[in-house]
Amino acid sequence: MAEARQLPPERGRQPVPQSSWATSVSLAALALLLLMLVALATAFIGWVFLQRMDRLYRGHIYPNVYALGVPLGGMRPEAASVALEAVADQVDTGLLVLTDGEQRWSYPWSVAGLRVDTMGTAQAAHAIGRSGGWRDQANVWLYSHDVAPRFLFDTTAARGLLAELSEEASRPVVDAAIRMEQGQVVVLQGEPGRVLDIPTTLARLREAGGSPYRLEVPLAFEIIMPQEVESRDIISQAETLLARQITILTYDVLTEETLSWVLGREQIATWLYIVPGEGGNLNVDANQYAIRDTLVDLSQGLGDGRGFRFEEAAAQVLSAFDAGESQIWLYLTHPERIYVVEPGDTLTSLSAKHGMPGGLVAEANPGIDVDRLFVGQEIRIPSQDILTPHMPIVNRRIVVSLAEQRTRVYENGQLLYDWVVSTGLRDSPTHQGVFQVLEKHEEAYASQWDLWMPYFVAVYPAGGGVLNGFHELPILANGNRLWAGSLGRPASFGCIILGIPDAQTLYDWAEIGTVVEIQ
């Protein structure tokens with residue numbers, strides 16, 4: 001039998017005792033067990049904590065939740081909504097750009113109807129940590145959470161904005177028009193118009209709205225087409241009207257000057273426009289506003305601030321043109337004046353200088369003491385139109401001479417009557433100036449002096465509601481004639497006294513509007 005021999009161990013290796021390996025395995029298993037126990041215990045404790053916190057915050061927003069920079073933790077959604085409303089107006093909702101393809105209108109979205117939905121934002125904050133697992137819940141307690149704001153689209157606000165924009169963005173239909181080119185009538189066809197389609201544009205905004213950012217939204221329009229024009233018929237109608245000619249005349253009561261303008265084809269062409277007629281047909285007519293423009297142009301050459309009563313005059317010209325009349329008289333207006341007081345001026349001298357009764361000057365300057373005028377003071381002198389408001393009777397004129405105490409009546413430039421009269425005394429003078437027959441009364445009563453004035457022809461307002469004018473020798477309450485035998489010298493309270501039967505003759509002859517010059 002061979003002898004058993006023990007081999008020497010390999011160099012560098014030491015035998016491990018069986019008992020040490022077992023010990024290591026046991027320790028590892030124990031550590032793993034301990035870790036599992038700790039994890040289970042931690043999870044249990046965390047679960048218990050989350051359950052307690054969930055009960056504690058039931059109906060409330062979890063801590064560490066923010067929106068719009070406002071801490072909402074511990075609040076109910078209703079309270080959080082109120083807190084957010086305090087800062088909602090500070091939120092930049094972005095910019096809305098509305099466009100028609102050529103032009104752009106920019107507005108803050110807040111003006112266009114986009115606003116923060118505070119309740120929706122509060123409800124989103126309340127949902128944080130409640131929709132996931134326990135890890136999501138735990139994250140709420142470990143980290144802060146910023147909730148993005150929710151937004152609402154306010155249709156009422158957007159509709160109001162579009163209603164304002166509609167005035168600028170909409171375009172009226174350009175109707176067909178008549179023009180003169182090289183002396184010939186030309187018809188220009190109309191151009192389409194458009195009206196902002198607010199309901200469709202609102203739908204586009206509602207679809208685009210929801211979050212704050214710069215957004216360009218095209219406007220919607222309803223296109224309106226002009227009526228088509230048959231040029232041949234329109235040109236024929238226009239030529240018929242252009243064949244007419246009208247002369248405009250006016251008379252200046254201050255200068256006794258008659259002015260006239262003959263309006264022909266070129267001027268009348270600017271008045272013509274196309275209007276709807278019966279049965280859908282189109283007709284050519286004269287436009288009153290275009291006539292007014294012509295009168296304004298004519299007045300530019302009058303000078304001295306003179307002009308027309310433009311609205312009234314345009315209506316008169318249109319009426320005459322439609323009737324085929326060849327001429328029309330228009331009232332000529334005069335402006336109010338500003339006078340700077342000079343040395344020696346008094347209310348009486350101003351009245352004589354400007355032909356304006358002192359009472360009317362005083363009424364036109366209510367803040368001025370007319371009894372204490374000073375050099376350099378500005379005084380308003382009323383318009384001559386106050387004294388001569390009626391269309392003048394051009395071929396008739398009455399002239400009163402204070403120096404001669406006579407009244408002369410002219411018709412067509414010829415002297416008809418020459419009468420001796422009595423005018424006002426120094427303390428109640430008859431005012432100088434250019435006046436007009438304003439009204440007539442066969443019997444007028446002067447309550448201030450308790451007398452009757454037969455055949456009264458009112459000439460000018462003296463102020464305070466008093467009218468001065470022509471009349472027969474007045475009759476006192478006892479039936480006696482006042483100032484009998486005084487004709488030929490000043491005697492009255494301002495009126496012009498005529499004898500019998502001169503007053504009746506003048507009363508019957510004078511028409512309302514007859515010019516009266518007192519000099």
Side-chain angles (χ1 to χ4, degrees), residues 68 88-118 120-121 148-181 185-231 234-235 238 269-277 280-285 287-290 292-293 296:
L68 306 181
D89 291 340
Q90 303 173 16
V91 176
D92 181 9
T93 55
L95 192 68
L96 170 66
V97 179
L98 298 173
T99 179
D100 63 357
E102 298 177 358
Q103 188 174 356
R104 286 173 170 78
W105 295 268
S106 298
Y107 305 95
W109 253 117
S110 56
V111 175
L114 191 67
R115 59 181 178 84
V116 175
D117 180 4
T118 55
T121 304
R150 274 52 174 176
F151 293 89
L152 286 175
F153 182 69
D154 186 346
T155 301
T156 301
R159 189 187 303 276
L161 175 67
L162 293 178
E164 293 182 5
L165 178 60
S166 177
E167 297 183 6
E168 180 179 354
S170 298
R171 296 174 187 168
V173 172
V174 177
D175 295 322
I178 299 173
R179 294 289 184 271
M180 291 287 289
E181 295 183 2
V185 178
V186 176
V187 176
L188 303 179
Q189 295 293 335
E191 298 178 5
R194 68 183 188 185
V195 176
L196 182 61
D197 185 346
I198 293 179
T200 301
T201 304
L202 272 177
R204 293 178 180 179
L205 291 178
R206 194 178 299 108
E207 181 180 353
S211 58
Y213 52 90
R214 178 184 172 90
L215 185 69
E216 188 169 297
V217 176
L219 297 168
F221 292 95
E222 178 185 353
I223 304 301
I224 303 174
M225 300 302 296
Q227 186 172 353
E228 293 187 4
V229 175
E230 172 53 51
S231 298
I234 294 299
I235 291 174
T270 65
W271 302 352
L272 303 185
Y273 73 131
I274 301 172
V275 296
N281 296 322
L282 295 176
N283 296 325
V284 179
D285 200 357
N287 186 310
Q288 181 171 323
Y289 297 104
R292 184 188 188 280
D293 292 339
V296 171

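Just so you know, these numbers use all the heavy atoms, side chains as well, and skip hydrogens, waters and symmetry mates.
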**Q** Does any non-hydrogen side-chain atom of Tyr107 lie less than 4.5 Å from one of Leu95?
**A**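 Leu95 does not reach Tyr107 side chain to side chain.
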**Q** Is Thr93 close to Arg115 at the side-chain level, that is, under 4.5 Å between some pair of heavy atoms?
**A**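 In short, these two side chains do not touch, never coming nearer than 4.5 Å.
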**Q** Sequence neighbours excluded, which residues qualify as side-chain contact (heavy atoms from CB on, under 4.5 Å) partners of Asp175?
**A**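 Counting only residues at least two positions away or on another chain, Asp175 forms a side-chain contact (heavy atoms from CB on, under 4.5 Å) with Val173.
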**Q** Can you list everything that forms a side-chain contact (heavy atoms from CB on, under 4.5 Å) with Arg292? Sequence neighbours excluded, please.
**A**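 Per chain and number, Arg292 pairs via side-chain contact (heavy atoms from CB on, under 4.5 Å) with Val296, Phe310, Glu311, Ala314.
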**Q** Is Asp293 close to Thr270 at the side-chain level, that is, under 4.5 Å between some pair of heavy atoms?
**A**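 Sidechains of Asp293 and Thr270: no contact.
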**Q** For residues 222-231, which residue pairs qualify under side chain to side chain donor-acceptor pair (under 3.5 Å), counting only residues two or more places apart or in two chains?
**A**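 As it turns out, there is no side chain to side chain donor-acceptor pair (under 3.5 Å) pair with a partner in residues 222-231 once direct neighbours are skipped.
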**Q** Measure the shortest side-chain to side-chain distance between Leu68 and Thr118 over non-hydrogen atoms and say whether it is less than 4.5 angstrom.
**A**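 Contact flag for Leu68/Thr118 side chains = no.
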**Q** With rounding to the nearest 0.5 angstrom, report the CD to CD1 distance, Glu191 to Ile224.
**A**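 Reported to 0.5 Å precision, the distance equals 14.0 Å.
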**Q** Only counting residues at least two apart or in another chain, list the ones meeting side-chain hydrogen bond (donor to acceptor under 3.5 Å, both in side chains) with Thr121.
**A**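 Testing Thr121 for side-chain hydrogen bond (donor to acceptor under 3.5 Å, both in side chains), a comparison that skips the adjacent residues, returns none.
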**Q** With a 4.5 Å limit on heavy-atom distance, are the side chains of Leu282 and Val275 in contact?
**A**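 Not in contact.
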**Q** Would you please name every residue forming a side-chain contact (heavy atoms from CB on, under 4.5 Å) with Glu102, sequence neighbours left out?
**A**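 Residues passing side-chain contact (heavy atoms from CB on, under 4.5 Å) with Glu102: Asp100, Arg171.
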**Q** For residues 162-170, tabulate all N or O donor-acceptor pairs below 3.5 Å that involve a side-chain atom, not counting sequence neighbours.
**A**
{"unit_1": "Ser166", "atom_1": "OG", "unit_2": "Ser170", "atom_2": "OG", "d": "3.1"}
{"unit_1": "Glu168", "atom_1": "OE2", "unit_2": "Trp105", "atom_2": "NE1", "d": "3.1"}
{"unit_1": "Ser170", "atom_1": "OG", "unit_2": "Ser166", "atom_2": "O", "d": "2.9"}
{"unit_1": "Ser170", "atom_1": "OG", "unit_2": "Leu196", "atom_2": "N", "d": "3.0"}

**Q** What salt bridge (Lys or Arg N to Asp or Glu O under 4.0 Å) pairs are there with at least one residue in residues 103-112, not counting sequence neighbours?
**A**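 The answer is Arg104-Glu216.
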**Q** Taking C-beta and beyond as the side chain, do Val186 and Ile178 meet within less than 4.5 Å on heavy atoms?
**A**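 No. Closest side-chain heavy atoms not under 4.5 Å.
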**Q** I want to check a possible cation-pi pair here: Arg206 against Phe153, using under 6.0 Å from ring centre and within 45° of the ring axis as the test.
**A**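 No cation-pi geometry.
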**Q** Would you give the length of the straight line joining atom CH2 of Trp109 to atom CG of Leu96, rounded to the nearest 0.5 angstrom?
**A**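 Rounded to the nearest 0.5 Å, the CH2-CG separation comes to 4.5 Å.
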**Q** Ala220: which residues meet the side-chain contact (heavy atoms from CB on, under 4.5 Å) condition with it, sequence neighbours left out?
**A**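 So Ala220 forms a side-chain contact (heavy atoms from CB on, under 4.5 Å) with Asp197, Thr200, Thr201, Arg204.
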**Q** Using modelled atom types only, decide if a donor and an acceptor are shared between the side chain of Arg150 and the backbone of Ala148 within a distance under 3.5 Å.
**A**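 Yes, because the side chain of Arg150 sits within donor-acceptor range (under 3.5 Å) of the backbone of Ala148.
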